[in-house]
Protein chains: 2
Amino acid sequence: MGVARKTKSVSELLDVFGQTDNALSVVELVSKLDQHMNKTTVYRILDRLEDGGQLHSFIGKDGLKWYAKCQKCSSSHHTDLHPHFQCRDCGKSECLNVDISIPSVANHRIDSAELLLVGSCQDCLNQ
Amino acid sequence: MGVARKTKSVSELLDVFGQTDNALSVVELVSKLDQHMNKTTVYRILDRLEDGGQLHSFIGKDGLKWYAKCQKCSSSHHTDLHPHFQCRDCGKSECLNVDISIPSVANHRIDSAELLLVGSCQDCLNQ
DNA sequence: ACTACTTTCGCAACTGAGTTGCAATAAAGA
DNA sequence: TCTTTATTGCAACTCAGTTGCGAAAGTAGT
């Protein structure tokens, strides 16, 4: 389905994603939008935006959920297969513009893959 | 540090891992060992075993933590870098004996990587 | 075996991310 | 404007994982 109605909450959330190229954790979004909407609403809108192909999500190294804008994703399937990077120092995550190859595995059907790289980002290396 | 004392609980937990080559979710372990030890104990022993290099862990597609036996891991760093597979039908996870190449990323220092493949396992394909 | 020391365990209470049900609200089309 | 239906807020809940502390059990020394 995705988003059916352009509500104020939806545009506010999209605005936040429009202001950055980084991925955003749900926790961060909920607290950033705390004055504007309920956390349940944040969760539900993120769901719908992912459903509609505007956002994609991944699980960070600590098990928390992150969302980022889609570049080449479609609602049917996410063609924009790319790794994600998470900085162990500052915690920020980002999408990487790198192609990855998914190994084929005997006797398994692979539907999707998620590669998470953990290390130090540029900002944290320079200090 | 790892495990300093060979307690009954530690050997029971290692026994469970000895009986399978699959990865085991913490949730599964806690419920399987429910009659034998407290869940806090399970969490703490798993921590110590990972610390000592006997087990390694990864985060499943739903954000839950999984553990598996180490083959070539050391306590200093896990040299046995391999992807993990999780079946979207039955939920089971396993370590894959496949080498993966970690892309290098400009202006980032990569310390570790985690590749999770999601799809259908052999058992679920055959039914 | 006994003692002393230190790690480990159980318990109970807690934290925090994510979910659910339902009544109230607000888009969008007629 | 009216009606329909998606969306929102709220409050309560679920459940994985954590914490503090007193009790129990390894381990080393004698």
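In the text below, chain A, chain B and the rest are named by the order of the sequence lines, each starting its count at 1.
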Colleague: How many whole angstroms separate atom NZ of A:K8 from atom C1' of D:dG9?
Modeller: 14 Å
Colleague: Of the non-hydrogen atoms in A:I59 and B:K61, which two are nearest, and what is the gap between them?
Modeller: CG1-O, 3.6 Å
Colleague: Using only heavy-atom distances, decide whether a donor-acceptor pair under 3.5 angstrom links the side-chain of A:R5 to the base of D:dT7.
Modeller: no
Colleague: Mind checking if A:T7 touches a base, just sugar-phosphate, or nothing, with heavy atoms under 4.0 Å?
Modeller: sugar-phosphate
Colleague: Quick one: A:W66 CH2 to C:dA17 C1', roughly how many Å, whole number?
Modeller: 14 Å
Colleague: If you define the side chain from C-beta out and look only at heavy atoms, does anything of B:H84 sit under 4.5 Å from B:S93?
Modeller: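 Contact flag for B:H84/B:S93 side chains = no.
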Colleague: Would you mind reading off the distance between B:N38 atom CG and C:dA13 atom C1', rounded to a whole angstrom?
Modeller: 12 Å
Colleague: Considering all heavy atoms of both residues, which atom of A:A113 and which atom of A:I102 are nearest to each other, and what is their separation?
Modeller: CB-CD1, 3.6 Å
Colleague: May I have the distance from B:L29 (atom CG) to D:dG17 (atom P), rounded to whole angstrom?
Modeller: 11 Å
Colleague: Whether the side chain of A:K65 and the base of C:dG18 hold a donor-acceptor pair under 3.5 Å is what I'd like checked.
Modeller: no
Colleague: When you match B:K6 and B:T40 each to their closest nucleotide on DNA chain D, which lands nearer the 5' end?
Modeller: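 It is B:T40 whose nearest nucleotide is closer to the 5' end.
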Colleague: Would you indicate whether the side-chain heavy atoms of B:L55 and B:F17 approach each other to under 4.5 Å?
Modeller: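 B:F17 reaches B:L55 side chain to side chain.
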Colleague: Take the protein atom NZ of A:K61 and the nucleotide atom P of D:dG17, then report the distance between them rounded to whole Å.
Modeller: 15 Å
Colleague: If you look at every heavy atom in A:S57 and A:E114, which pair is closest and at what distance?
Modeller: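 Where A:S57 meets A:E114 most closely, the heavy atoms are O-OE1, 4.3 Å.
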Colleague: Among D:dT8, D:dG17, C:dT19, which nucleotide has an atom closest to any side-chain atom of A:K39?
Modeller: C:dT19
Colleague: Specify the separation, in whole Å, of atom CD of A:E28 and atom P of C:dA17.
Modeller: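 Checked: the CD to P distance equals 12 Å.
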Colleague: Under 4.0 Å between any heavy atoms, over every strand shown, what does A:V26 touch: base, sugar-phosphate, or nothing? Just pick one.
Modeller: sugar-phosphate
Colleague: B:R44 side chain N/O closer than 4.0 Å to the phosphate oxygens (OP1, OP2) of D:dG20?
Modeller: no
Colleague: Rounded to whole angstrom units, what separation is found between the CG atom of A:D62 and the C1' atom of C:dG16?
Modeller: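 These atoms are roughly 12 Å apart.
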Colleague: Starting at CG of B:L14 and ending at C1' of C:dT8, how long is that distance when rounded to a whole Å?
Modeller: 15 Å
Colleague: Of the listed nucleotides (D:dA16, C:dC9, C:dG18), which one gets closest to any side-chain atom of A:V27?
Modeller: C:dG18
Colleague: Ignoring the backbone of A:T41, work out which of C:dC9, C:dT8, D:dT8 is nearest its side chain.
Modeller: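 Of C:dC9, C:dT8, D:dT8, D:dT8 is nearest to the side chain of A:T41.
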